[in-house]
Amino acid sequence: MRYSRAFIPTVKEVPKDATMPSHILMLRAGYARMVGAGIYELLPLGTRVLHKIEKIVREEMDAAGAQELLMPTFLPGEYFKESGRWELYGPTLLRIKDRKGGEYHLGPTHEEIVTDLVRREVKSYRQLPLNLYQIQNKYRDEPRPRAGLLRCREFIMKDAYSFDVSDEAALASYQQMHDTYHRIFQRLGLDYRVVEADSGAIGGKQSAEFQVLAQTGEDSIVACNECDYAANVEIARPGPVTGAEPDASQMLPLERIETPNTHTIEEVVAFFGPDANAAHTLKSLVYLAGDEIVLAIVRGDHEINEISLARQLGVDEVVLASDAAVKETTNTEIGFVGPVDFEGRIIADPDAVSVLNAIAGAGETPYHLKNVNHGRDYTAEVLSIRQATSGDPCPKCSGTLELYRGIEGGHIFVLGTHYSDRMNATFLDEQGNSHPIVMGCYGIGVTRLIAAIIEQHHDEQGIRWPVHVAPYEVIVTPIGKDEEPLTKATEIYETLCAEGVEALLDDRSERPGVKFKDADLLGIPLRITVGSRGLKQGTVELKKRIEAESEDVPAVNIVSATKAALAALRG
RNA sequence: CGGGGCGUAGCGCAGCUUGGUAGCGCGCACGGUUCGGGACCGUGAGGUCGGAGGUUCAAAUCCUCUCGCCCCGACCA
């Protein structure tokens with residue numbers, strides 16, 4: 001491709017609405033443009049990267065025996081009604097009425113549609129196992145789209161569905177996808193962790209997330225520094241903690257202290273001065289669990305795990321009470337709620353119970369209590385309800401957990417017969433007996449991965465694509481106003497193209513600085529600079545985007561040197 | 001949905017407090033000088049000031065409503 005004819009609208013200034021590196025760079029380097037909140041255009045460069053990722057995904061899926069198909073995105077509502085997700089999905093489902101008033105929606109994921117296909121076409125165990133996948137646009141009216149391509153309302157997903165005759169066979173399919181995903185994520189050049197995760201609204205028994213490590217990620221995960229344990233903090237449990245009751249002989253008398261304007265743990269700690277720290281305080285949160293009001297207590301430096309709390313209380317979810325509700329039920333402003341004299345159910349984390357002479361809200365505005373002790377001043381049901389965090393013991397070995405931020409790039413599930421039961425998808429076994437088909441589903445956020453790769457591969461100057469996904473492998477940059485560099489660069493470019501190298505020729509009549517800046521911004525892995533200075537010695541320069549220094553190469557050898565450098569980058 | 005912020009030329013912004021000719025930088029077009037890390041000079045094109053209503057002789061500016069976008073939270077494969 002000749003740059004002078006390419007549609008690569010780069011921008012010098014940082015777009016106002018972008019804050020994350022991948023978002024900023026995709027806009028600045030001309031890979032994408034926004035059309036609406038969570039709705040993006042992929043420009044030619046972005047589309048080339050998309051196709052590179054899709055190619056890797058297809059190769060690995062096909063190698064695993066999965067078969068690609070294409071289902072519609074515009075769907076009659078009946079299938080989601082059949083499974084119950086027409087209601088369950090709520091406002092996230094983008095609903096449409098046709099001219100006759102019929103109810104339709106755009107597909108957020110396709111368990112129902114593929115299950116319908118399979119129940120119509122698959123009747124016998126002889127037709128199983130089966131793994132069907134597609135790569136297409138998905139639609140979810142997210143409550144809060146954000147960060148460019150990381151969370152969109154329209155996005156491209158690879159979704160695969162496996163169908164098996166038994167739980168054991170389904171687990172084998174799941175394991176195969178697990179392995180396939182490892183190969184895909186490795187080929188994409190990503191640093192990632194496979195973590196245990198909550199299976200959420202999709203319904204299912206077992207699931208694992210492929211989390212791309214990035215400080216800007218939305219998800220928090222913990223991973224052991226010694227074994228392979230890793231989990232989303234949504235479900236991670238810290239390893240054994242003592243939960244020891246404080247030593248009664250060291251308890252100090254309770255003190256009530258006026259503490260105006262201390263609504264957060266930080267403010268409380270600041271108020272009590274240098275001796276206080278968050279681990280010495282109790283965080284009290286009022287939750288609605290079904291019809292019941294529950295006070296949940298964790299240590300001030302810990303975060304509560306709402307999923308864990310809900311499960312142990314035996315409810316679907318717990319909802320943090322609104323400011324008004326807290327005031328109504330406790331007669332206390334947010335920030336001053338506490339366990340002492342609280343009338344109602346109190347659940348406390350073991351680490352909170354162990355705190356000796358803690359600082360806690362007094363249950364009265366604007367006071368806090370000093371020297372609060374479990375057993376003496378309040379009594380709680382002790383349940384592990386906090387999120388795991390850095391420094392916690394590993395639940396599986398003697399190692400220590402580390403906290404990471406991650407971007408959910410893929411998620412695989414064992415679904416069991418959740419959908420096949422509801423939709424009556426069955427097969428006949430050797431004896432002619434009917435059984436529900438056992439399913440699994442496997443997603444990869446393809447457009448999200450474009451952003452995730454950039455989050456891991458960039459510097460101050462721009463993107464640094466791994467070769468396997470770069471829109472072009474080489475950019476040939478003639479420098480200077482003379483004819484020779486352009487002539488020579490064109491010759492090199494044409495030879496590279498003929499040899500199957502994906503090359504971009506910067507034939508624009510721009511000054512060198514502009515071309516270098518753009519080349520770095522675009523993130524092309526290799527740059528060949530052709531200038532009259534070098535040509536006098538018969539050399540051109542070869543530079544890797546990920547290295548600071550360039551290398552002089554005799555012009556006659558540049559094609560083979562380029563191919564060698566590409567091979568080295570491919571690893 | 002709760003909290004905060006922002007909508008003025010393609011992009012980034014000033015102007016608004018105190019109503020009175022719509023500005024700057026980048027980009028774009030043309031001419032000239034330049035040419036190894038986002039050059040310089042000159043000329044020029046380009047704006048219903050997000051939208052609607054109101055106050056006023058007069059609204060980018062004041063008031064009301066509304067739409068959109070971003071961030072934090074809630075929520076969410």
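A note on names: the letters A, B, ... follow the listed sequences, proteins ahead of strands, and every chain is numbered from 1.
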Atom [atom1], compared across [N] and [M]: separation rounded to whole Å:
N      : M      : atom1 : result
B:rG23 : B:rA60 : C1'   : 12 Å
B:rC75 : B:rG37 : C1'   : 46 Å
B:rG15 : B:rU21 : C1'   : 14 Å
B:rA59 : B:rU17 : C1'   : 15 Å
B:rC6  : B:rC16 : C1'   : 15 Å
B:rG2  : B:rA9  : C1'   : 36 Å
B:rU8  : B:rC69 : C1'   : 15 Å
B:rA45 : B:rC26 : C1'   : 16 Å

Please determine whether a side-chain nitrogen or oxygen atom of A:K12 lies at a distance below 4.0 Å from atom OP1 or OP2 of B:rG27.
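For B:rG27, OP1/OP2 do have a side-chain N/O of A:K12 under 4.0 Å.
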Ignoring backbone atoms, test whether A:K481 places a side-chain nitrogen or oxygen under 4.0 Å from the OP1 or OP2 oxygen of B:rC35.
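Checking A:K481 against B:rC35: at least one side-chain N or O falls below 4.0 Å of OP1 or OP2.
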Considering every strand and a 4.0 Å limit on heavy-atom distances, what is the contact class for [X]: base, sugar-phosphate, or nothing?
X      : answer
A:A147 : sugar-phosphate
A:T19  : sugar-phosphate
A:R28  : base
A:D159 : nothing
A:Y442 : nothing
A:G90  : nothing

Nearest whole Å is fine: how far is [N] [atom2] from [X] [atom1]?
X      : N      : atom1 : atom2 : result
A:E218 : B:rA74 : CD    : C1'   : 13 Å
A:R144 : B:rG4  : CZ    : C1'   : 11 Å
A:I475 : B:rG37 : CD1   : P     : 16 Å
A:R508 : B:rG27 : CZ    : P     : 13 Å
A:R511 : B:rC40 : CZ    : P     : 8 Å
A:R153 : B:rG68 : CZ    : C1'   : 11 Å
A:R527 : B:rG36 : CZ    : C1'   : 9 Å
A:M20  : B:rC71 : CE    : P     : 9 Å

[Y] and [X] side chains, donor-acceptor separation under 3.5 Å:
X      : Y      : result
A:S4   : A:D507 : yes
A:Y40  : A:H23  : yes
A:N131 : A:S162 : no
A:H411 : A:S207 : yes

Side-chain touch A:K158/A:M61, heavy atoms, less than 4.5 angstrom
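Sidechains of A:M61 and A:K158: in contact.
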When you compare the side chain of A:I407 with that of A:F210, does any pair of heavy atoms fall below 4.5 Å?
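Result no, sub-4.5 Å side-chain heavy-atom pair not found.
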Check: A:E13 side chain, B:rG25 base, donor-acceptor under 3.5 Å
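Yes, a donor-acceptor pair under 3.5 Å.
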Looking only at N and O atoms, is any donor in the side chain of A:E541 or the base of B:rG36 less than 3.5 Å from an acceptor on the other one?
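Yes, the side chain and the base share a sub-3.5 Å donor-acceptor pair.
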Given that both distances must come in under 3.5 Å, which nucleotide forms a Watson-Crick or G-U wobble pair with [N]?
N      : answer
B:rA74 : none
B:rG37 : none
B:rG68 : B:rC6
B:rC30 : B:rG42

Closest-nucleotide 5' rank along RNA chain B - winner of A:V446 and A:G531:
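The 5'-side residue here is A:G531.
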Neighbour count above 12 (heavy atom, 6.0 Å) for A:E87 CD
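Result for CD/A:E87: enclosed.
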In terms of side-chain heavy atoms of A:M34, which of B:rC69, B:rC6, B:rC75 is nearest?
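Comparing B:rC69, B:rC6, B:rC75 against the side chain of A:M34, the answer is B:rC69.
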